[in-house]
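Step one of this worksheet: look at the structure below.
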There are 2 protein chains.
Amino acid sequence: MTEVRESKKVWIRVADELRGRIKDGTYRPDARFPSETDLVQEFGIARGTARKITARLRDEGLIYTEPQVGSFVVPNDGEGQT
Amino acid sequence: MTEVRESKKVWIRVADELRGRIKDGTYRPDARFPSETDLVQEFGIARGTARKITARLRDEGLIYTEPQVGSFVVPNDGEGQT
DNA sequence: ACCCATTTGTGCGTATGTATA
DNA sequence: TTATACATACGCACAAATGGG
């Protein structure tokens, strides 16, 4: 045991990674954002943690969620707007 | 507290029961295996739990699943195969 | 071809138990 | 005690494919 996890919280690290993907265009506006299950599988985290992460990104206004449908990247690049 | 440690987990208990039915011949080779809904009703469990159980039995090679059709007991009891 | 019930696949919402730091 | 994290478990909703009439 005694694993360090880089002394950073898992949800913080994953959220940061996802935030980066949105900003660098890996996840484009209006495109589908990974489901909770997707995040669980890709990052090997618990579903509760995945929920916490999407909730956070939603709170930051980066994605929006449609219940029973999925989450999507918020349209609006965030720059070219006068 | 009331110590109740009968292998608590629901999915473990139900999976064990179903595994037994396959091995004792209650569910015969090639016969239809209960659908997720059937398991929900018979054992009073949630569908997610039923899915987890069928996934497990599938992983054990006891049943196989055809999407939109159902699950079936794998032919071959597993006895000596020359 | 069409409807309809069934069944699996998928996705989110919620709660509880356990373990760890 | 609290926060984090994972596993389990229940609920609800919708899509797509299959199969019987």
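A quick note: this is a predicted structure, and the numbers were derived from the prediction, not measured. Residue numbering restarts at 1 for every chain, and letters A, B, ... go by the order of the sequence lines.
- Across all strands shown, A/G70 has heavy atoms under 4.0 Å from sugar-phosphate atoms exclusively, and none from any base.
- Using a 4.0 Å cut-off between charged nitrogen and carboxylate oxygen, B/R21 and B/E42 count as a salt-bridge pair.
- A 4.5 Å side-chain heavy-atom check between B/F33 and B/T65 finds every atom pair outside the cut-off.
- Checking D/dA5, C/dC12, D/dA9 against the side-chain heavy atoms of A/V10 singles out D/dA5 as nearest.
- Comparing D/dA9, C/dG9, C/dG11 by their nearest atom to the side chain of B/P67 picks out C/dG9.
- Checked by distance alone, B/Q68 brings a side-chain donor or acceptor within 3.5 Å of a matching partner on the base of C/dT8.
- When rounded to the nearest whole Å, the span between CZ of A/R51 and C1' of D/dA7 equals 15 Å.
- Below the 3.5 angstrom threshold, one finds a donor paired with an acceptor across the side chain of B/R47 and the base of C/dG9.
- If you take CD of A/Q41 and C1' of C/dT10, they are 11 Å apart, rounded to a whole angstrom.
- As rounded to whole Å, 13 Å separates atom P of D/dA7 from atom CD1 of B/I12.
- As a whole-Å value, the separation of B/E36 CD from D/dA9 P is 16 Å.
- When the nucleotides C/dC12, D/dA9, D/dA5 are ranked by their closest atom to the side chain of B/T49, D/dA9 comes out on top.
- More than 12 heavy atoms of other residues, nucleotides or ligands lie within 6.0 Å of CZ in A/R19, so this atom counts as buried by the packing criterion.
- Proximity note for B/I45 (side chain, C-beta onward) versus D/dC10, D/dT8, C/dT8: the nearest is D/dC10.
- Considering only side-chain N and O atoms, B/K8 lies under 4.0 angstrom from the phosphate OP1 or OP2 of C/dT18.
- Comparing D/dT8, C/dT8, D/dT4 against the side chain of A/W11 picks out D/dT4 as the nearest.
- In this entry the distance linking NZ of B/K52 with C1' of D/dC6 reads 11 Å, nearest Å.
- Salt bridge A/E66/A/R32: absent, no basic N to carboxylate O contact under 4.0 Å.
- In this structure, B/Y64 places its OH atom 15 Å from C1' of C/dT7, rounding to the nearest Å.
- Note: CZ (A/R13) to C1' (D/dT4) measures 13 Å, nearest angstrom.
- Of the listed nucleotides (C/dC12, D/dC6, D/dT8), C/dC12 has the atom at the smallest distance from the side chain of A/T65.
- Following rounding to the nearest Å, A/F72 (CZ) and C/dC12 (C1') show an atom-to-atom distance of 12 Å.
- A salt bridge does not link A/D16 to A/R13: none of the charged side-chain nitrogens sits closer than 4.0 Å to a carboxylate oxygen.
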